[in-house]
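Since the structure comes first, as structure tokens, the remarks are kept for the end.
Per chain, numbering begins at 1; letters A, B, ... match sequence-line order. What's counted below: heavy atoms across the whole structure, side chains too, no hydrogens, waters or symmetry copies.
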2 protein chains.
Amino acid sequence: MNAPVSSPALTKNQSLVFDVLTRSDAPMSAYTILDKLRDHGFRAPLQVYRALDKLLEFGMVHRLESLNAFVACAHPESDCCAKGHGHGTVAFAICESCGHVFEFHDHAVDHRLGDWAKGKGFKPAKTTIEIRGICSSCAA
Amino acid sequence: MNAPVSSPALTKNQSLVFDVLTRSDAPMSAYTILDKLRDHGFRAPLQVYRALDKLLEFGMVHRLESLNAFVACAHPESDCCAKGHGHGTVAFAICESCGHVFEFHDHAVDHRLGDWAKGKGFKPAKTTIEIRGICSSCAA
DNA sequence: ATGACACACGTTATAGCATAACGCAATTGA
DNA sequence: TCAATTGCGTTATGCTATAACGTGTGTCAT
Ligand SMILES: [Zn+2]
Ligand SMILES: [Zn+2]
Ligand SMILES: [Zn+2]
Ligand SMILES: [Zn+2]
């Protein structure tokens, strides 16, 4: 199993941003994070974006492209092969009702897309998989 | 095979936007489209966004979430099952060097994600699959 | 120590993406 | 004729992200 890219001690700003994201039960935009952190001295978007850049680099946070928002990494226990983000592509299911995000990894999908790329000579750098829909709780 | 949602005759604005997208060999942002159409009387972003909304609804255009940009639909011939967008999820491979977008459909991926959703009781509404990377031409 | 460098930080300004809200005109169908 | 619908144009606004500047701090080789 590959290790994460790196995970040095977080700076103050990085910790603050990560804590806010971890406590949230839904994705947050950079500006929402900013508002949550004004009491802690945050004044400008760049303070958030710079922290997010690092957290993304460390694999501790994910960006949801279809929402322009961010979530703390939350692999389910079963995704042993994706621990630390050292391997494979992560997929997200996003409930449009409650906002909850399910993060998972699927080998078959991963390999299948990899095969397509190989067949075309396409070199993947980053793959985005996001399913928008309604979660079981909200559908009930 | 399912038919497209609908494809009535396009209005003038819709045709203009679609033509610009069709002629382009790379995705375009709404504002880039706007600039291309100033000579045709376009003055405001809404004119573009309203046309895009309809074209998306007709399945003639796709939005690339990871780029905040749009492409004309371009199924390869082999994707017989995805013609007209009546079935399945479309995936995109986006070259970060030349900007070219490859659109394709993969049953296995589609079904695999569907199975995950079924297992979780999640009702998918729209699925985004985008591979950012380098195409074979650019890697050579 | 001193200088060079890397890196996090703070601030201001700007760029880029998207929609709200208003009103008008043409079309359609009762 | 009279709604109801749809497309259109305009102005204003909001949300997302980065450029460019300078400051402070720690590390490390000289
Ligand atoms: Zn994760
Ligand atoms: Zn839900
Ligand atoms: Zn298509
Ligand atoms: Zn290329």
Interatomic distance, A:Phe70 atom CZ to A:Leu55 atom CG [nearest 0.5 angstrom] | 10.0 Å
Examine distances only and state if a side-chain atom of A:His105 and a backbone atom of A:Ala91 form a donor-acceptor pair shorter than 3.5 Å.
-> no
Is it true that B:Glu130 and B:Arg132 make a salt bridge, defined as a side-chain N closer than 4.0 Å to a carboxylate O?
-> no
A:Lys54 side chain N/O closer than 4.0 Å to the phosphate oxygens (OP1, OP2) of C:dA8?
-> yes
Please state whether the phosphate of D:dC8, meaning OP1 or OP2, lies under 4.0 angstrom from any side-chain nitrogen or oxygen of B:Gln47.
-> no
Taking CG from B:Leu55 and C1' from D:dG7, how many angstroms apart are they, rounded to a whole number?
-> 13 Å
Measure the distance from CG on B:Leu52 to C1' on D:dC8 and round it to the nearest whole Å.
-> 15 Å
Distances under 3.5 Å only, N/O to N/O: pair up the protein atoms with those of nucleotides 12-19 of chain D.
{"unit_1": "D:dT16", "atom_1": "OP2", "unit_2": "A:Ser29", "atom_2": "OG", "d": "3.4"}
{"unit_1": "D:dA17", "atom_1": "OP1", "unit_2": "A:Arg63", "atom_2": "NH1", "d": "2.7"}
{"unit_1": "D:dA17", "atom_1": "OP1", "unit_2": "A:Arg63", "atom_2": "NH2", "d": "2.5"}
{"unit_1": "D:dA17", "atom_1": "OP2", "unit_2": "A:Tyr49", "atom_2": "OH", "d": "3.0"}
{"unit_1": "D:dA17", "atom_1": "O5'", "unit_2": "A:Tyr49", "atom_2": "OH", "d": "3.4"}
{"unit_1": "D:dA17", "atom_1": "N7", "unit_2": "A:Tyr31", "atom_2": "OH", "d": "2.7"}
{"unit_1": "D:dA17", "atom_1": "N6", "unit_2": "A:Tyr31", "atom_2": "OH", "d": "3.3"}

Can any side-chain N or O of B:Glu103 pair as donor or acceptor with the backbone N or O of B:Ala74 at less than 3.5 Å?
-> yes
Whole-Å gap separating P (C:dC24) and CZ (B:Arg43) | 20 Å
Taking CG from B:Asn13 and C1' from C:dA26, how many angstroms apart are they, rounded to a whole number?
-> 14 Å
Nearest 0.5 Å please: distance from the OG1 atom of B:Thr32 over to the CG atom of B:Leu37.
-> 11.0 Å
Length of the line joining A:Leu10:CG and C:dC9:P, which is rounded to integer Å | 10 Å
What does B:Arg50 touch in the nucleic acid at a heavy-atom separation under 4.0 angstrom: a base, only the sugar-phosphate, or nothing?
-> base
Return the orientation label for the B:Tyr31 and B:Tyr49 ring planes: parallel under 30°, perpendicular over 60°, tilted otherwise.
-> perpendicular
Given atom NZ of B:Lys12 and atom C1' of D:dT6, what is their separation to the nearest angstrom?
-> 17 Å
Distance in angstrom units between A:His40 NE2 and C:dG10 C1', rounded = 18 Å
B:Thr11 side chain: which of D:dG9, C:dT12, D:dG7 is closest?
-> D:dG7
Using whole Å, report how far CD of A:Glu57 lies from C1' of C:dA8.
-> 13 Å
Taking the side chain as every heavy atom from C-beta outward, state whether B:Asp53 and B:Glu57 have any atom pair closer than 4.5 Å.
-> no
